[in-house]
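Okay, structure first, notes after.
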Protein chains: 2
Amino acid sequence: MVRAGLTPERLTQAGAELADEVGFEEVTVSEVARRFDVKVASLYSHVKNSRDLKARIALLSLEELADRAADALAGRAGKDALIALADVYRDYAREHPGRYAAAQFRLTPAEAAASAGIRHSQMTRALLRGYDLPEPDQTHAVRLLGSVFHGYVDLELAGGFSHSAPDSQESWSRILDALDTLLRNWSAEPPEGDREK
Amino acid sequence: MVRAGLTPERLTQAGAELADEVGFEEVTVSEVARRFDVKVASLYSHVKNSRDLKARIALLSLEELADRAADALAGRAGKDALIALADVYRDYAREHPGRYAAAQFRLTPAEAAASAGIRHSQMTRALLRGYDLPEPDQTHAVRLLGSVFHGYVDLELAGGFSHSAPDSQESWSRILDALDTLLRNWSAEPPEGDREK
DNA sequence: GCCCATGCCTAAAGCCTTTAGGCAACCCTC
DNA sequence: GAGGGTTGCCTAAAGGCTTTAGGCATGGGC
């Protein structure tokens, strides 16, 4: 019998495609095996278990996303860069919903440390150089941007903004405008926290 | 043999507790049955299927969250209200991670329409009354707040901000300050979109 | 006190995961 | 080019979750 030529990479790739088709949660070792026309047990020499397969898909997705982000950021700065980066996340999520969901997979600290996750925060930091924030604030801003990008994309994917005016693209643009303004005026704010609670 | 007294409500409640213990994804009809010391098949007279159970947990969580939000908002306005509402989401997610995850469950449009999801957007809108935004912008702002709250809480829960300075509480406060400023100056921005792309 | 409805049970099929052990195909060496 | 070892996929099997079908007994109502 002809060998199927399974490798962790090919399985991961197939898993990623499957994720985009049926949703990341529905990715199953069995279904991947079926797609290679191979018995399920065969996959277990290439992948530790179901969780391992999913983690690999997550790592692949983070990598792809980081590559796109790096591309988008090249040669841009300021608001231009902000919009470009934001659109990378949003577009990726729309093109590859399963992979995007995979990118949210809970990796172990060790896996996370070795993942492209690092590149993502580095790129956000690079982006923020254009806004010139002092250090503690830069981290706050990184977290803010991460939250908005992730939160918006996630809600949009969940169907939160569909079929209700104004359309999502408009909100997205307006929100990015607002973030740009916010970042440009970040320091020019009420001197210190007069926060309650 | 003594009857266990199963009802959809008690099953949902048990499911919610289970979710907080083991994670929403891991909630299983079998495990809930085990907790009632009852055979699995018995649950199927009270709950349509696994998906139905999860949807009920989602609805319960949305309801609880909305109740808390309503409480927190009562008698507050402006930044005070903003912080109170934001903290409701964050605190709920930290106290009940499983339920919080459940609140993100993809409901059908019909279920969503009948859920407390509506109350959530209404409350955000109520909160924004304190900032007095004209209509299209109000919707944009609702979406922005939803994105930040959801995004931040989600990333924090995923462990994104743990073990790295500055601590998460500080970023959270700073981000809410920034949002307040942003909302107060929302209209006072660059007249019209000079956005590219 | 009887009777029916309801509630939980047994049984069973289907699908997924994971491990163990086996045979055959491939590659490398002689 | 043949032998031999390694690697790759297979069969077998156990265990878990889901879901449906059909049965018996409990418990409330008459």
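Side-chain atoms are counted along with the backbone in the values below, which use heavy atoms only and exclude waters and symmetry mates. All of these numbers come straight from a predicted model, not from anything done at the bench. Labels below follow one simple rule: chain letters A, B, ... track the order of the sequence lines, proteins then strands, and each chain is numbered from 1.
The distance between atom CD of A:E25 and atom C1' of C:dC16, rounded to the nearest whole Å, is 15 Å. In this structure, the CZ atom of B:F36 is 12 Å from the P atom of C:dC9, given to the nearest Å.
Residues from residues 5-23 of chain A lying near DNA chain D, meaning a heavy-atom separation below 4.0 Å, are A:G5, A:L6 in numerical order. DNA chain D lies under 4.0 Å from at least one heavy atom of each of the following residues of residues 38-53 of chain A: A:V38, A:K39, A:A41, A:S42, A:H46.
For the ring pair (Phe, Tyr, Trp, His ring centres under 6.0 Å) test, residues two or more places apart in sequence or in another chain that qualify with A:Y92 are A:H96.
Annotation: A:F161 is in aromatic contact with A:Y152 [ring centroid separation under 6.0 Å].
Residues A:E156 and B:R143 are not paired through a salt bridge, judged by the lack of any N-O separation under 4.0 Å between the basic side chain and the carboxylate. Between A:E21 and A:R35, at least one side-chain nitrogen of the basic residue sits less than 4.0 Å from a carboxylate oxygen of the acidic one, meeting the salt-bridge criterion. Residues B:R51 and A:E25 are not paired through a salt bridge, judged by the lack of any N-O separation under 4.0 Å between the basic side chain and the carboxylate.
Using bins of under 30°, 30° to 60° and over 60° for the plane-to-plane angle, the ring pair B:Y89/B:H120 lands in the tilted bin.
Although no hydrogens or angles enter the test, the distance criterion places a donor-acceptor pair under 3.5 Å between the side chain of A:R76 and the main chain of A:A72.
For the atom pair CD of A:Q104 and CG of B:L155, the computed distance is 7.5 Å after rounding to the nearest 0.5 Å.
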